[in-house]
K.L.:
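Next up is a structure, given as structure tokens.
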Amino acid sequence: MREIDTAEPARRIDSVAVIGAGTMGAGIAAASAAAGCRVLVLDTDPAAAQRALDGVDEECRDLVSIGTVDDRLDDIAGYDWVCEAVIEDLAAKRELFERLEAARSDGSVISSNTSGIPLRQISDGMSERFRHDVAITHFFNPVRVMKLFELVPGEDTDPEVIDAFARFGAERLGKGVVHAKDTVNFIGNRIGCFFMLRGLHVAKPFLADGMTQETVDAVLGAPIGLPPTGLYGLIDLIGLDVMELVGANLAQNLPPGDRGLDFTAFPEAEQAMADRGQLGRKTGGGFSRRVKLDDGSRKAETFDLVAGEWRAASPPDLEGVPADLGAVLFADSVQGELARHAFGGTLTYAADLVPEIADDIANVDNAIRWGFNWVHGPFEMLDHLGPDLVIEFLRSVDEPLPAMLAVLEASGQPTFYGEAADGTRTQLMPDGTVAPVDR
């Protein structure tokens with residue numbers, strides 16, 4: 001993890017102009033106002049800008065002004081940070097950034113809240129000033145609640161810009177700052193979305209053999225240190241439409257040979273759900289729903305992916321699931337097999353992504369804990385399980401060792417994290433050395 005310099009910063013962020021008043025833009029505006037910043041919110045739709053203002057804490061609303069992009073774009077010259085938060089469309093973002101670059105003042109910093117579009121695609125062909133002053137500042141939804149703040153520099157980004165964003169995120173917003181590299185979906189969504197998209201495919205044979213979706217969610221929840229939403233519940237929360245866009249972005253931008261390329265498209269049943277608008281909670285139901293009965297009570301229902309119809313929700317079968325955290329991964333049961341394929345495969349995928357997506361394992365673990373609420377990040381979970389046991393299992397099934405597990409084995413270290421003589425927490429680096437976690 002990068003250390004934030006305590007000297008007087010070369011650049012300060014005390015005012016924020018947010019362009020785009022959707023869910024994310026409104027959240028960034030509200031969080032910035034709550035931190036005492038002067039805020040400008042612009043959107044093409046005046047009603048959207050007004051809704052963003054209404055979402056700001058009442059005692060902070062005097063810090064916020066709103067308007068339309070057409071009427072008040074030049075006003076961004078008076079703000080330290082210009083944050084783009086519009087739709088996940090590269091062409092739309094680049095067109096907007098051309099306008100923002102012409103209007104913002106020298107010394108300001110500018111960023112995109114994109115959840116996965118590489119910065120190099122956004123900044124390609126843009127001015128030298130833009131490329132020096134731009135970064136990805138990716139928040140997770142809801143902005144006021146989620147701790148994760150992914151910070152991604154471009155090849156030409158001035159280190160002073162990254163320091164300004166890191167200070168603002170940590171000190172003013174109280175976020176956990178994670179330093180990621182300019183790769184598709186950065187850290188959190190690269191791993192978290194792999195788990196979800198791969199999980200839809202991995203679960204298919206288990207469903208065909210009679211396992212219920214309720215059991216899938218229960219196995220891929222608390223027993224492995226994930227939230228109770230599991231797999232299908234999490235996608236219901238996010239929305240199949242969002243996941244479809246994520247998959248398309250991954251298909252276009254993942255490097256050749258990446259394991260995620262096999263899972264960028266939905267299985268047939270899930271694609272049919274998306275096509276008919278059965279997207280999740282936002283549409284009243286995706287994989288599950290609650291139906292109001294004539295007597296006023298509510299009935300939980302599950303959309304059975306095998307039968308293709310709604311049925312009453314059923315309790316999960318956790319008979320083959322040990323109580324200890326992560327023990328299901330070594331269980332000789334059908335639930336253990338599911339956990340190994342879905343979650344174990346995600347752990348090994350993550351172990352193959354350093355240093356591609358981050359310089360060290362601590363940034364990866366922080367991103368997943370803060371962004372997806374896992375009890376342990378991937379490398380922390382491998383330590384909890386016992387890396388020697390994981391390596392032994394992978395060899396028993398003729399699976400190649402992921403990069404960081406190979407580094408660990410070659411280093412002679414027993415775990416990814418350790419403790420120095422002075423009590424400092426240490427981490428294994430991609431080159432096989434050991435370094436402090438906070439350095």
Side-chain angles (χ1 to χ4, degrees), residues 1-7 9 135-138 147-155 157-171 174-183 185-188 190-192 225 346-372 374-391 394 400-439:
M1 293 171 59
R2 291 179 43 151
E3 184 177 284
I4 299 174
D5 188 6
T6 57
I136 300 296
T137 52
H138 180 220
K147 185 174 182 179
L148 179 59
F149 176 51
E150 287 185 313
L151 183 53
V152 184
E155 184 176 345
T157 306
D158 190 326
E160 291 180 353
V161 170
I162 297 303
D163 287 342
F165 280 129
R167 287 176 182 274
F168 185 78
E171 298 172 6
K175 299 298 182 185
V177 179
V178 163
H179 293 272
K181 292 187 176 181
D182 190 21
T183 56
N185 278 25
F186 317 124
I187 299 175
R190 178 74 171 271
I191 296 170
T346 302
L347 295 180
T348 57
Y349 181 67
D352 236 354
L353 293 177
V354 177
E356 178 191 339
I357 64 173
D359 286 330
D360 58 46
I361 62 173
N363 275 296
V364 173
D365 282 341
N366 287 338
I368 297 302
R369 280 190 288 100
W370 294 338
F372 285 86
W374 291 17
V375 171
H376 295 305
F379 295 96
E380 293 168 332
M381 190 63 179
L382 287 168
D383 275 359
H384 174 79
L385 296 172
D388 55 336
L389 294 178
V390 175
I391 290 171
L394 290 173
L401 290 188
M404 284 304 296
L405 276 170
V407 169
L408 178 69
E409 185 180 51
S411 74
Q413 298 291 324
T415 54
F416 287 104
Y417 291 98
E419 186 175 300
D422 63 359
T424 302
R425 191 180 188 217
T426 62
Q427 61 176 320
L428 182 70
M429 302 300 289
D431 63 0
T433 62
V434 172
V437 170
D438 294 306
R439 68 184 197 283

K.L.:
Should Glu409 and Leu405 be marked as a side chain to side chain contact (heavy atoms under 4.5 Å, CB included) after you check the CA-CA gap, both sets of side-chain angles, and the distance that decides it?
P.N.:
CA-CA 6 Å; Glu409 185 180 51; Leu405 276 170; over 6 Å; no
K.L.:
For the side chain of Asp352 and the backbone of Ala403, is there at least one donor-acceptor N/O pair under 3.5 Å apart?
P.N.:
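Yes, the answer is positive, given that a donor and an acceptor are paired below the 3.5 Å cut-off.
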K.L.:
Would you say Met381 and Trp374 make side-chain contact, with heavy atoms under 4.5 Å?
P.N.:
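They are not in contact (no side-chain heavy atoms under 4.5 Å apart), so the answer is no.
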K.L.:
Looking only at heavy atoms, which two atoms of Tyr349 and Leu353 are closest? And how far apart?
P.N.:
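In terms of heavy atoms, the two residues are closest at O-CG, 3.3 Å.
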K.L.:
Would a 4.5 Å heavy-atom cut-off, applied to side chains only, mark Met429 and Asp360 as touching?
P.N.:
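Yes. Closest side-chain heavy atoms under 4.5 Å.
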K.L.:
Taking all atoms of both residues into account, what is the closest heavy-atom pair of Asp359 and Lys181, and its distance?
P.N.:
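Scanning both residues completely, I find the closest heavy atoms to be OD1-CE, 2.8 Å.
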K.L.:
Within the structure provided, determine whether Ser411 and Leu408 are in side-chain contact (heavy-atom separation under 4.5 Å).
P.N.:
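The answer is yes; the side chains approach within 4.5 Å.
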K.L.:
Would you mind checking if Glu150 and Arg190 are paired as a salt bridge, meaning a charged N to carboxylate O distance below 4.0 Å?
P.N.:
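Looking at Glu150 together with Arg190, the answer is no, because their closest N to O distance does not fall below 4.0 Å.
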K.L.:
Could you state the interatomic distance from CG (Asp365) to CH2 (Trp370), rounded to the nearest 0.5 Å?
P.N.:
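Going from the CG atom of Asp365 to the CH2 atom of Trp370 covers 10.5 Å.
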K.L.:
So which atom in His179 and which in Ile162 form the shortest heavy-atom distance, rounded to 0.1 Å?
P.N.:
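Distance-wise, the nearest heavy atoms are CE1-CG2, 3.9 Å.
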K.L.:
Would you say the side chain of Ile191 lies within less than 4.5 Å of the side chain of Ile357, judging by non-hydrogen atoms?
P.N.:
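Counting from C-beta outward, Ile357 and Ile191 do come under 4.5 Å.
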K.L.:
Looking only at the side chains, is there a donor atom on one of Asn363 and Asn366 sitting less than 3.5 Å from an acceptor on the other?
P.N.:
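Per modelled atom types, Asn363 and Asn366 side chains form no pair under 3.5 Å.
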K.L.:
Working to the nearest 0.5 angstrom, can you tell me the gap between Thr137 OG1 and Leu151 CG?
P.N.:
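Here the interatomic distance stands at 7.5 Å.
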K.L.:
Please assess Phe379 against Val354 for the test side chain to side chain contact (heavy atoms under 4.5 Å, CB included), listing each intermediate value before the final yes or no.
P.N.:
CA-CA 11 Å; Phe379 295 96; Val354 177; 4.0 Å; yes
K.L.:
For the residue pair Pro387 and Pro414, what are the closest heavy atoms and their distance?
P.N.:
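Looking at all heavy atoms of both residues, the closest pair is CG-O, 3.6 Å.
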K.L.:
Can you tell me how far CG of Asp388 sits from CG of Leu382, rounded to the nearest 0.5 angstrom?
P.N.:
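Taking CG in Leu382 and CG in Asp388, the distance rounds to 11.0 Å.
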K.L.:
Pick one: which of Leu401, Thr433, Leu428 meets side-chain contact (heavy atoms from CB on, under 4.5 Å) with Val407?
P.N.:
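Checked Leu401, Thr433, Leu428 against Val407; only one passes side-chain contact (heavy atoms from CB on, under 4.5 Å): Leu428.
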K.L.:
A side-chain contact here means heavy atoms from C-beta on lying under 4.5 Å apart; do Val437 and Thr426 qualify?
P.N.:
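Answer no - side chains too far apart.
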K.L.:
First locate atom CD of Gln427, then atom CD of Glu380, and finally report the distance between them rounded to the nearest 0.5 Å.
P.N.:
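Separation between the atoms: 10.5 Å.
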K.L.:
Tell me whether Asp383 contacts the main-chain N or O of Phe416 through its side chain, where contact means a donor paired with an acceptor under 3.5 Å.
P.N.:
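Yes; at least one donor-acceptor contact below 3.5 Å.
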K.L.:
Considering only heavy atoms from C-beta outward, does the side chain of Ile187 approach that of Leu148 to under 4.5 Å?
P.N.:
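A side-chain contact is absent here, since even the closest heavy-atom pair is not under 4.5 Å.
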K.L.:
What pair of heavy atoms forms the shortest contact from Phe372 to Gly188, and how long is it?
P.N.:
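Of all heavy-atom pairs spanning Phe372 and Gly188, the closest is CE1-O, 3.1 Å.
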K.L.:
What pair of heavy atoms forms the shortest contact from Asp182 to Pro153, and how long is it?
P.N.:
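Nearest pair, atom of Asp182 first, then Pro153: CB-O, 3.9 Å.
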K.L.:
Taking the side chain as every heavy atom from C-beta outward, state whether Ile368 and Pro378 have any atom pair closer than 4.5 Å.
P.N.:
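Sidechains of Pro378 and Ile368: in contact.
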K.L.:
Just wondering, do Phe165 and Val177 contact through their side chains at under 4.5 Å, heavy atoms?
P.N.:
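Side chain of Val177 against side chain of Phe165, heavy atoms only: no contact under 4.5 Å found.
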